[in-house]
Amino acid sequence: MTTDVVITGLGVVSPLGNDPGEYWERLLRGEVPVRPLVAPGTAVDGTHTYPVTDAPRPAPHPGDEPGRASGFALAAAGDALRDAGLADAGPTVLDGVGMVVGTGNGDSDLREAERDGRRELTGLQWYPYDTQGLLAERLALHGPGLTVSTACAAGAYAVAMGAEMIRAGEAEVVLVGGTEAVSRPAVGAFLRLGAAEPGPCRPFDTDRAGTVYGEGAAFLVLESAAHARGRGASPYARVLDSGWSCDAFHETAPDPEGTQALRAVREALHRSGLGLGDIGAVLCHGTGTPANDAVESRTTATLLGPRTPEVPVTAIKASLGHSGGAAGAFSCLTAALVLRDGTVPPVGTLRTLDPACELRVVREVPQASAGSAVLVNAYAFGGNNISVAIAALDTADPAEPVDPGPGAGTETHGWTARRGRPVSSREGAA
């Protein structure tokens, strides 16, 4: 017997706002809140980034104040639990809640402060896995906990791994997400790689020149459908399954053939039991770098085949920047909102579509979704590729599942449609 996994809570801290409702409205408008980084006396001063300008401050707590990434995560995770109606569930429920946190750099601002003589650190405060421990302590979550640091794909891996925890019976509820903060070393690394755009991030634009760093946190509450139904929760969508692969090609550059990226998305569809006709939209990784966008546009068009002209495709880094370990979690959270409203947000910075891109990239105004499922792609340094399939609550079983292609796994996770009333994140759940 398979276990359906549903999304019952969302929480966000972002350059577009710290409430999923505001985040969604501004994303649909295609806003681009990019600003120059203020870092006097450093090589990154003036570099464009997408900052969180009104970050929530954590409540007073014994011990040191957390770094920015952990602070973002604490606020977004707490909101996700409240949105799911679980924040006051008590120890009987919260004691078994699992957690998977994706992050690349952790609280690197603490390490910068120590290096500059502004702060002394104790223990392992700035290490990436400290965030998950801090969340477990302050939110009183004592189920299985993991930290994922697969670079820019970590947030998507966190969502996929949390869903697997539920399917494996390790937990009925898992808090999943990603968090990242703008840091001078990270921005400097993109500059040294020649992969930094001097202005806003421009995925799939013919004049794109690189990516732009962003920050924030996105968290989702995942539950088994039976658990959510038993407490009267109203889910947003379902997490079906995912496909993983590795290019094994280069430390930072994607394989120009895109063989493994295509394998990952085909396997996600195959494991989810979806057909091409079910795909309503694709949330691309879309970094704005010439190489990444070229590979992703080709592999996505190959996957969609004859449906390429009709399936809307978007890339939210145009409005968020590249938030590293949080990026994939932002995309999964956005997919839930796309499915709730049947609307795909535009790429706010797209002016002239790359002639080599055959995709129906959404621009200027939102477009209607063309099916009952959304594919989320996330790629990362080290050749990490992951695609996650997220579906609406009432989807008919597809007649012809996608062939995963050579080398892909053969396991398929079935699913049963669940009906529920989608709610806005501030409406709460019963």
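From a predicted model like this one, the values you see are computed outputs, not experimental measurements. Residue indices begin at 1 and follow the sequence shown.
Looking at residues two or more places apart in sequence or on another chain, you find a salt bridge (charged side-chain N to carboxylate O under 4.0 Å, His left out) between Arg307 and Glu310. Qualifying side-chain contact (heavy atoms from CB on, under 4.5 Å) partners for Ala380, counting only residues two or more places apart in sequence or in other chains: Ala151, Cys152, Ala153, Asn384. A search for side-chain contact (heavy atoms from CB on, under 4.5 Å) contacts involving Pro15 returns Pro33, Tyr50, Val52, Leu320, not counting sequence neighbours. Partners of Glu31 by salt bridge (charged side-chain N to carboxylate O under 4.0 Å, His left out), not counting sequence neighbours, listed by chain and number: Arg26, Arg29. In this structure, the side-chain contact (heavy atoms from CB on, under 4.5 Å) partners of Val313, at least two apart in sequence or on a different chain, are Val282, Cys284, Leu359. The side-chain hydrogen bond (donor to acceptor under 3.5 Å, both in side chains) search around Ser387 returns Asn377, not counting sequence neighbours. Considering only residues two or more places apart in sequence or on other chains, Thr47 meets the side-chain contact (heavy atoms from CB on, under 4.5 Å) condition with Val44, Val187, Leu191.
Salt bridge present: Arg271 and Glu164 bring a charged side-chain N and a carboxylate O closer than 4.0 Å.
In this structure the side chain of Arg231 reaches within 4.5 angstrom of the side chain of Leu86, judged on heavy atoms. Counting only heavy atoms from C-beta outward, the side chains of Leu146 and Met165 approach each other to under 4.5 Å.
The only option from Ile390, Val388, Val376 that meets the side chain to side chain contact (heavy atoms under 4.5 Å, CB included) definition with Leu283 turns out to be Val376.
Within the structure, the ring pair (Phe, Tyr, Trp, His ring centres under 6.0 Å) test picks out the following pairs touching residues 152-172 (sequence neighbours left out): Tyr157-Trp244. Applying the ring pair (Phe, Tyr, Trp, His ring centres under 6.0 Å) test to residues at least two apart or on different chains, none of the pairs has a partner in residues 288-320. Here salt bridge (charged side-chain N to carboxylate O under 4.0 Å, His left out) pairs that include residues 341-364, with residues two or more places apart or in two chains, are Arg208-Asp354. For residues 352-388, every residue pair satisfying the ring pair (Phe, Tyr, Trp, His ring centres under 6.0 Å) rule, not counting sequence neighbours, is listed here: His285-Tyr379. Residue pairs that meet the salt bridge (charged side-chain N to carboxylate O under 4.0 Å, His left out) test with at least one member in residues 139-162, sequence neighbours left out, do not exist here.
Between Thr179 and Thr103, the shortest heavy-atom distance links the atoms O-OG1, 2.8 Å.
Counted by atom type alone, Glu180 and Ser323 present zero donor-acceptor pairs between their side chains at under 3.5 Å.
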